[in-house]
Amino acid sequence: MGRAVLLNHTHLFSPKSLFPLSLRHRPTATTTATKRIFHFYPPLACRSMDHSSIDSVTQRLSNHNLHSLNLQDLKWDHSFVRELPADPRSDAFPREVLHACYTKVSPSVQVEDPQLVAFSRPVADLLDLDHKEFERPDFPLFFSGASPLVGALPYAQCYGGHQFGMWAGQLGDGRTITLGEILNSKSKRWELQLKGAGKTPYSRFADGLAVLRSSVREFLCSEAMHHLGIPTTRALCLVTTGKLVTRDMFYDGNPKEEPGAIVCRVAQSFLRFGSYQIHASRGEEDLGLVRVLADYTIRHHFPHIENMSKSESLSFSTGDEDHSVVDLTSNKYAAWVVEVAERTASLIARWQGVGFTHGVLNTDNMSILGLTIDYGPFGFLDAFDPKFTPNTTDLPGRRYCFANQPDIGLWNIAQFTTTLQAAHLIDEKEANYAMERYGTRFMDDYQVIMTKKLGLPKYNKQLINKLLTNMAVDKVDYTNFFRTLSNIKADTSIPDEELLVPLKSVLLDIGKERKEAWTSWLKTYIHELSTSGISDDERKTSMDLVNPKYILRNYLCQTAIDAAEIGDFGEVNRLLKLMERPFDEQPGMEKYARLPPAWAYRPGVCMLSCSS
């Protein structure tokens, strides 16, 4: 795309850092202005991590929603359709769609006695939807797309993207159909989509359907990520279609029939980097659409930028040799791209903190709002391996492995800034500043996260890097280790031979040499803790608020999928409820925090393809 190489793509884990070289060094520009970093997106350190209070608010809303509505009373608003250019055709015949942001197309999925598998009460509350509506016998018909919802105005979005680093041209919503946008009682806008609802012009040669296997994973992980405090699209409900869908899970020429299903996804917007890229890629004729779509996005989703005044004096010195200045108040598109870069950086820092690997970080899977979007072959770390990728397609080069995610986020931001430059919305200086801000924001947030995870009084790079090296060498379970670490006492008088006792459940099968390495690390760690002036109980409480006990491990998903495929939806609902309080002990549920059993390492469980 005409951009100079920005990243070191050797992507090898180094003891010096968890991440590739390009993000190890912070930008050096530090003027008075840059100290007031341009943060429309609130800094991580300023956000409350009190999950119990969040849960209590959610519970109160769930128990008593003053604005509960029936389906027919939902307040629809269709700003995307109303304000952006449409495809003049409304058929689903596969084709290149030019000069348009979307195609009006209705769900066409065939159903036979569709069933509600599960629904999210917190998401229903976002929409002011009465929970009793999910008991309606016709509810599965509406949310499978078989029956139209009154007020909906369905369409499929047009977008493109880079896939595995290569421009793939037009992609678009190939099996996802947006029903429209709902305005809730707080005037917040929520877009509803049905994933697996049938063919669209963007389906290419696919059937536009989805299977229960992938739909359970997306439904559960959307909600699990939210309750972990990570920005994400949400999921309202999961419905089976009652029909079988043919899929070749491993792309090995052995297709089989699987139960069909549909997830209703919810977000304030499903716009992605590729939504803008597609129009810039088509030359002068469609280049104006980049500005039209950017204006729409800022107007509805970044209104604070639209209302920004020059009196705010948001001018910043860049890291260039000439120390040039970027004035964000003079160009709203520059202010916007900086915020998009910061949101993306903050999101990926949170992924790294919780051990989440997306698996398919193509530019068409990058949310313009900084949300986790498009749950395909994702995976949480079990044994710590920086080169872990859950995607079988990614195995040859591991482009999207855990350790590479921060660099890939920057690479994707570079493609997005190139698009805005092509549309003459920002200049090169503003593009470079956005990427600089990405690097700074990522490191700021990542350092805050890791400091909190270890309960340290301040960030200690050497201590954290040594820990991650030890964890990688001994393949220590990422989630269970950090949860157990809160049991360490800040007592420098503990004898060396007793230091590892609190960690014996997570440091498994290590020999004498490795025990010495861990003992050495623990002595340094305990010394750091002893300088904090915080009691062991206080530290344990704060660490347990940021280190989850429960994550959505792939084998847990598979157990729920196996049951659901024979008509038992109980495990899906148990996991949904469990993941609503991932930081709580939840007595009686301890088995869900166990390490993966041996069967979990078979293909299709720990490693997945994009087949869905």
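Side-chain contact check for Pro377 versus Thr392: every heavy-atom pair is 4.5 Å or farther apart. Between Leu228 and Phe380, the closest side-chain pair of non-hydrogen atoms falls below 4.5 Å. For the pair Asp364/Gln163, a side-chain contact is recorded, criterion being any heavy-atom separation below 4.5 Å from C-beta on. Between Glu342 and Glu339, every side-chain heavy-atom pair lies at or beyond the 4.5 Å cut-off. For the pair Leu485 and Leu454, the minimum side-chain heavy-atom distance is below 4.5 Å. You'll find the side chain of Phe356 stays beyond 4.5 Å of the side chain of Ile551, heavy atoms only. The closest side-chain heavy-atom distance from Gln447 to Lys461 is not below 4.5 Å. Within the 4.5 Å cutoff, the side chain of Ile561 has no heavy atoms near those of the Leu212 side chain.
Proximity of a side-chain donor or acceptor of Glu223 to a complementary backbone N or O of Phe219 within less than 3.5 Å is not detected. In this structure, the side chain of Asn470 does not engage the main chain of Trp521 through any donor-acceptor pair within 3.5 Å. With Thr531 contributing its side chain and Glu528 its backbone, the two residues share a donor-acceptor pair below 3.5 Å. Of the possible polar contacts, none joining the Tyr446 side chain to the Ile348 backbone as a donor-acceptor pair under 3.5 Å is found. Glu565 places no side-chain N or O within donor-acceptor distance of the main-chain N or O of Glu258, the cut-off being under 3.5 Å. In this structure a side-chain-to-backbone donor-acceptor pair under 3.5 Å is present from Asn404 to Arg399. Not a single donor-acceptor pair under 3.5 Å links the side chain of Arg234 to the backbone N or O of Val266.
Between Ile510 and Leu507, the closest heavy-atom pair is CD1-CB, 4.0 Å. Contact between Arg217 and Gly376 at its shortest, heavy atoms only, is NH2-O, 3.2 Å. Summarising the geometry of Phe384 relative to Ala472, their closest heavy-atom pair is CD2-N, 3.5 Å, with the distance given to 0.1 Å. Considering every non-hydrogen atom in both Ser215 and Ala210, the closest pair reads OG-CB, 3.9 Å. Listed here is the closest heavy atom pair of Tyr555 and Ala600: CB-CB, 3.5 Å. Heavy atoms only, all atoms of each residue included: Gly161 and Leu171 are closest at N-CD1, 3.7 Å.
A salt bridge does not link Arg398 to Asp385: none of the charged nitrogens lies less than 4.0 Å from a carboxylate oxygen. Salt bridge Glu580/Lys577: absent, no basic N to carboxylate O contact under 4.0 Å. Contact check on Asp536 versus Arg539 returns a salt bridge, with a Lys/Arg side-chain nitrogen under 4.0 Å from an Asp/Glu carboxylate oxygen.
Contacts of Thr363 classified as side-chain hydrogen bond (donor to acceptor under 3.5 Å, both in side chains), with partners at least two apart in sequence or in another chain: Gln277.
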Problem set entry | Stepwise ring-ring contact (aromatic ring centres under 6.0 Å, His included) check, Phe402 with Phe388 | CA-CA 6 Å; Phe402 177 72; Phe388 167 71; 8.1 Å; no

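Asn547 pairs with exactly one of Lys453, Lys452, Arg483 by the side chain to side chain donor-acceptor pair (under 3.5 Å) rule, that one being Lys453.
Between the side chains of Gln558 and Asp562, at least one donor N or O lies within less than 3.5 Å of an accepting N or O. A side-chain N or O of Ser346 and one of Asp445 form a donor-acceptor pair less than 3.5 Å apart. Judged by distance alone, the side chains of Asp584 and Tyr550 never bring a donor and an acceptor atom under 3.5 Å apart.
Annotation for Lys515: atom NZ does not count as buried by contact number, only 12 or fewer foreign heavy atoms lying within 6.0 Å. Within a 6.0 Å sphere centred on CD of Glu497, other residues, nucleotides and ligands contribute more than 12 heavy atoms.
We find the CD-OG1 distance between Gln405 and Thr389 to be 8.5 Å, quoted to the nearest 0.5 Å.
Taking the six-membered ring for Trp, Trp336 and Phe416 have ring centres closer than 6.0 Å.
Residue pairs that meet the side-chain hydrogen bond (donor to acceptor under 3.5 Å, both in side chains) test with at least one member in residues 370-380, sequence neighbours left out, are Thr232-Tyr375, Arg265-Asp374, Arg272-Asp374, Trp351-Thr372.
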